[in-house]
K.L.:
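Dropping a structure here in structure tokens format, bear with me for questions.
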Amino acid sequence: DAVDHTRLPGYLRNKRGTVDFVYPGAFSYFVSTGPDGIGQAMPVYRVAFNAADIWGEEKSEPNTTIYADLFDAYLLAAN
């Protein structure tokens, strides 16, 4: 369950994807991290996910990629 506000879709949590594109610059992240409610500006990435890794083989079209634009705060480096 999400406790804090997030712009990360629940179906992408704990899923492995590949950074496909890094948007130039940094973008404001609107969360309650300060008196103005605006967090630290951070990079945003376009991340590609295999649909079968998200919903399973039986519920996905073959060879389908799902793309999501995600703030740096939502990503963990793969080991």
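This chain uses plain numbering: 1 for the first residue, then up along the sequence. What you see below is based on every heavy atom in this structure, not just the backbone, and it leaves out hydrogens, waters and symmetry mates.
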K.L.:
So, using ring-ring contact (aromatic ring centres under 6.0 Å, His included) as the criterion, who are the partners of Y67 when residues are at least two apart?
P.N.:
none
K.L.:
Output a table of donor-acceptor pairs, distance under 3.5 Å, between side-chain atoms of residues 55-63 and any protein atom two or more places apart or on a different chain; print 'none' if there are none.
P.N.:
{"from": "S60", "atom 1": "OG", "to": "A51", "atom 2": "O", "distance (Å)": "3.2"}
{"from": "S60", "atom 1": "OG", "to": "G56", "atom 2": "O", "distance (Å)": "2.8"}

K.L.:
Tell me every residue that passes salt bridge (Lys or Arg N to Asp or Glu O under 4.0 Å) with D69, counting only those two or more places apart in sequence or in another chain.
P.N.:
none
K.L.:
Are T65 and N50 packed together at the side-chain level, in the sense that at least one heavy-atom pair is separated by less than 4.5 angstrom?
P.N.:
no
K.L.:
For the CD1 atom of I54 and the CZ atom of F49, what is their distance to the nearest 0.5 Å?
P.N.:
6.0 Å
K.L.:
Compile the donor-acceptor pairs under 3.5 Å between side chains in residues 41-48 and protein atoms, sequence neighbours left out, one pair per line.
P.N.:
{"from": "Y45", "atom 1": "OH", "to": "D72", "atom 2": "OD1", "distance (Å)": "3.2"}
{"from": "R46", "atom 1": "NE", "to": "D20", "atom 2": "OD2", "distance (Å)": "2.6"}
{"from": "R46", "atom 1": "NH2", "to": "D20", "atom 2": "OD2", "distance (Å)": "2.6"}

K.L.:
Can you measure from CG (D53) to CG (L12) and round to the nearest 0.5 angstrom?
P.N.:
11.0 Å
